[in-house]
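This report concerns only the one structure given below.
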Amino acid sequence: MARTRHRQSLFGEGIRRICAVAAASTAAEMADLVRAGLRETPTIELRLDWLRNDSERSRFLLWLKRNRPRGATFLATCRRRAGGGKLRGGVQAELYWLNEAREAGCSWCDLEIETVRELPSGKTLRALGLPSRILLSLHDFERMPPKLKTIPAAAHLDADAFKIAAQARTISDSLRLLRLTRRSPTLVAVPMGEVGLPARILALREGSALAYAPVGEATALGQVALHALKHLYRAHELTRRTHVYGVIGSPVGHSLSPLLHNTGFVVRKIDAVYLPFLAKDLSDFLKAVPEFGIRGFSVTIPHKQSVLRHLKECDPLAAEIGAVNTVVVRRDGSLFGCNTDYIGILRAIEKKIQLAGSRVLIFGAGGVARAAAFALARAGAHIAVCARREKIARELAKAVVGEVVPRRALRDESFDAILNATPIGMHPHDRISPLSPRELNCRVVMDLINRPEKTQLLKLAARKGIATVSGVEMFIPQGVAQWELWTGQRAPESAMRKAVLSALRSEEKSRQHS
């Protein structure tokens, strides 16, 4: 109980522990960001160093003094270039603007530990004319400090709270930082980088005094937008009772799975969250499963086949396919694997073509290609495989009693359907196509990529008058099947579909206008 009360005395509880980061080059833009941030949370960090000159800083702080709303907590930061910020000038310039921020009504300031080290001997923080509450911060943009346990408590440094923002190169790195928050209620933990993103979302649950999220432009890698942190991930509501799920892969930043699954949890009011884990090393992720409290996870490139050797048990169909895209973590910690890609592919393509007796080309031979080949072969289709690695193509073709078609033969071959099962053309590299128009000799083209909704491959096919199937039509049913497997409930599929399609179409509009 003492720990909870202490936290309340720092920033409050619940939504007040989400700190919106306002960073802009002009006073007017900064004011707009503050207004937008206050619609989501009463706690705002003001990146004064992002304002392009002293005139804009003065103009903004004057606006703040005249317009500061009651009940809001403002934390002023004016980080120098030496500390990873944008302020030109030395310690005196930083301290001057933090003094001005106090005059404008900021009750907190964020001061770099390097600044403290540069103060004249005997000079205390409380004698600097700073805002009444001081958050002392340590940033390491290269790595996670190896000796985190030796970092002093805030009280020992004459500060009210201490922040460690450090680059997480592994998932284990981010866990080391989170462990500190369980022992120190005055600590703010910020695992930086994409690898640290799940820990950043779970930081409040673990005891971090604050979690940061940008209102506008991101100020650091791995940040989650304010609206998503509050409404999609609900970071301020997560507890140790919250069931954690996620997607593992490399890359994973493009994944729409967090939007799909978290929408389902929100609609059904389930205490669960789904996170994106950038897992370059599968064992790094698996070691973190117990500590994060993960109950299940989706598997994508490049782990769909390698995860098999870590499973205690596997669904017979997934074992036959030789690839897993869904894992259930059982109560004893053992892993059970299955494959819902199979379901998604069938549901998507059956709307366009009679599979029995058809000839289908699978372009690619990885985990999702294997699921496609087995699904379509079982539905009565004759499978042809074309892949860059001929040995793997032959193995897959043999497994489904199909054939191998070399790339050079595609211009002269014809199929009822062609499925792209490679990542070529996936966001953000969405201006390329894995196949040329002359290689598309078929009635239907399906792209298993789901972002963007209309890939370059599908656009080329449509121009030739070929029917197309978006990867979204496969992605949604396979994800729904995962969601229902994990929760034991019926998924709100229409709401999940609407959320995904809305995000994709909004993204497409932005692309067209840029």
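- Across I18 and L229, no two heavy atoms sit closer than the pair CG2-CD2, 4.1 Å.
- A side-chain donor-acceptor contact under 3.5 Å links H303 to the backbone of A279.
- The side-chain contact (heavy atoms from CB on, under 4.5 Å) check on R295 picks up H243, Y245, with sequence neighbours excluded.
- Other residues, nucleotides and ligands contribute more than 12 heavy atoms inside 6.0 Å of the CZ atom of R240.
- Sorted by first then second residue, the salt bridge (Lys or Arg N to Asp or Glu O under 4.0 Å) pairs that include residues 453-463, not counting sequence neighbours, are E453-R505.
- Annotation for R200 and M192: closest pair NH1-CA, 4.1 Å, computed over non-hydrogen atoms.
- Residues L448 and F475 have side chains not in contact (no heavy-atom distance under 4.5 Å, counting atoms from C-beta outward).
- We find that E291 and R179 are joined by a salt bridge, their nearest charged nitrogen and carboxylate oxygen being less than 4.0 Å apart.
- With sequence neighbours excluded, the residues satisfying ring pair (Phe, Tyr, Trp, His ring centres under 6.0 Å) with F277 are F285, F292.
- Atom NE2 of H231 sits in a crowded spot, with more than 12 heavy atoms from other residues, nucleotides or ligands closer than 6.0 Å.
- Looking at residues two or more places apart in sequence or on another chain, you find a side-chain contact (heavy atoms from CB on, under 4.5 Å) between I424 and T422, I432, P434.
- Of all heavy-atom pairs between S174 and G196, the closest is CB-CA, 4.3 Å.
- For residues 261-287, there are no salt bridge (Lys or Arg N to Asp or Glu O under 4.0 Å) pairs, not counting sequence neighbours.
- Between R394 and E390, at least one side-chain N (NZ, or NE/NH1/NH2) sits under 4.0 Å from a carboxylate O, which counts as a salt bridge.
- S470 places no side-chain N or O within 3.5 Å of a backbone atom of E473 that could act as its donor or acceptor partner.
- Between the side chain of T181 and the main chain of E206, a donor-acceptor pair closer than 3.5 Å is present.
- The minimum heavy-atom distance linking A373 with I362 is given by the pair N-CD1, 4.2 Å.
- Between L410 and C386, some side-chain heavy-atom pair lies under the 4.5 Å cut-off.
- Residues passing the side-chain contact (heavy atoms from CB on, under 4.5 Å) test with A375 are Y342, L346, sequence neighbours excluded.
- Here R39 pairs with R35, A36 under the side-chain contact (heavy atoms from CB on, under 4.5 Å) rule; sequence neighbours left out.
- L335 contributes atom CG, which lies 10.5 Å from atom NZ of K312 (distance to the nearest 0.5 angstrom).
- Under the 4.5 Å side-chain criterion, counting only non-hydrogen atoms from C-beta, L485 is not in contact with Q482.
- Minimum heavy-atom separation, G364 to V385: O-CG1, 3.8 Å.
- For the side-chain contact (heavy atoms from CB on, under 4.5 Å) with F336, the qualifying choice from T326, V329, D315, L311 is D315, the only one to do so.
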* Step by step, work out the side-chain contact (heavy atoms from CB on, under 4.5 Å) result for S298 and Y274. => CA-CA 10 Å; S298 312; Y274 184 103; 2.6 Å; yes
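- Inter-residue side-chain proximity for N325 and T300 is flagged as unmet; no heavy-atom pair is nearer than 4.5 Å.
- At a threshold of 4.5 Å between non-hydrogen side-chain atoms, the residues L419 and M446 count as touching.
- Using modelled atom types, one finds no donor on one side chain facing an acceptor on the other under 3.5 Å when comparing T455 with D430.
- Scanning for salt bridge (charged side-chain N to carboxylate O under 4.0 Å, His left out) contacts around E484 gives an empty result, with sequence neighbours left out.
- Between L435 and the options N420, L440, L460, a side-chain contact (heavy atoms from CB on, under 4.5 Å) holds for only L440.
- Counted within 6.0 Å of CZ on R388, heavy atoms from surrounding residues, nucleotides or ligands total 12 or fewer; the atom is thus considered open.
- Side-chain N or O atoms of S208 include none that pairs as donor or acceptor with a backbone N or O of L204 at under 3.5 Å.
- With sequence neighbours left out, H139 forms a ring pair (Phe, Tyr, Trp, His ring centres under 6.0 Å) with F141.
- Partners of H310 according to the ring pair (Phe, Tyr, Trp, His ring centres under 6.0 Å) rule, which considers only residues two or more places apart in sequence or in another chain, do not exist here.
- No side-chain donor-acceptor contact under 3.5 Å links T73 to the backbone of T43.
- Using a 4.5 Å heavy-atom threshold, the side chains of P423 and I301 count as touching.
- Every residue two or more places apart in sequence or in another chain that forms a side chain to side chain donor-acceptor pair (under 3.5 Å) with S436 is listed here: E439.
- A donor-acceptor pair under 3.5 Å is formed between the side chain of R234 and the backbone N or O of L232.
- Checked by atom type and distance alone, the side chain of K464 pairs as donor or acceptor with a backbone atom of P437 at under 3.5 Å.
- The two residues V299 and V324 come nearest to each other via the heavy atoms CB-O, 3.6 Å.
- Among the candidates Y233, W486, F297, the single residue satisfying the ring pair (Phe, Tyr, Trp, His ring centres under 6.0 Å) test with H261 is W486.
- The main-chain N or O of V252 is never found under 3.5 Å from a side-chain atom of S255 such that the two would form a donor-acceptor pair.
- In this structure the side chain of V472 reaches within 4.5 angstrom of the side chain of L501, judged on heavy atoms.
- Between the side chain of R347 and the backbone N or O of M474, no donor-acceptor pair lies under 3.5 Å.
- Contacts classified as salt bridge (Lys or Arg N to Asp or Glu O under 4.0 Å) and involving residues 357-384 (residues at least two apart or in different chains) are given here: E320-R378, R359-E403, R359-E413.
- Counting non-hydrogen atoms of neighbouring residues, nucleotides and ligands closer than 6.0 angstrom, the CZ atom of R389 reaches no more than 12 such neighbours.
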* Where do K230 and T41 land on the side-chain contact (heavy atoms from CB on, under 4.5 Å) test, with the steps shown first? -> CA-CA 9 Å; K230 179 182 175 183; T41 175; 6.0 Å; no
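- With hydrogens and angles ignored, the 3.5 Å screen pairs a side-chain donor or acceptor of N441 with a backbone N or O of R411.
- In the displayed structure, K351 atom NZ is contacted under 6.0 Å by more than 12 heavy atoms of other residues, nucleotides or ligands.
- Side-chain contact between I270 and W483 is present, with at least one heavy-atom pair separated by less than 4.5 Å.
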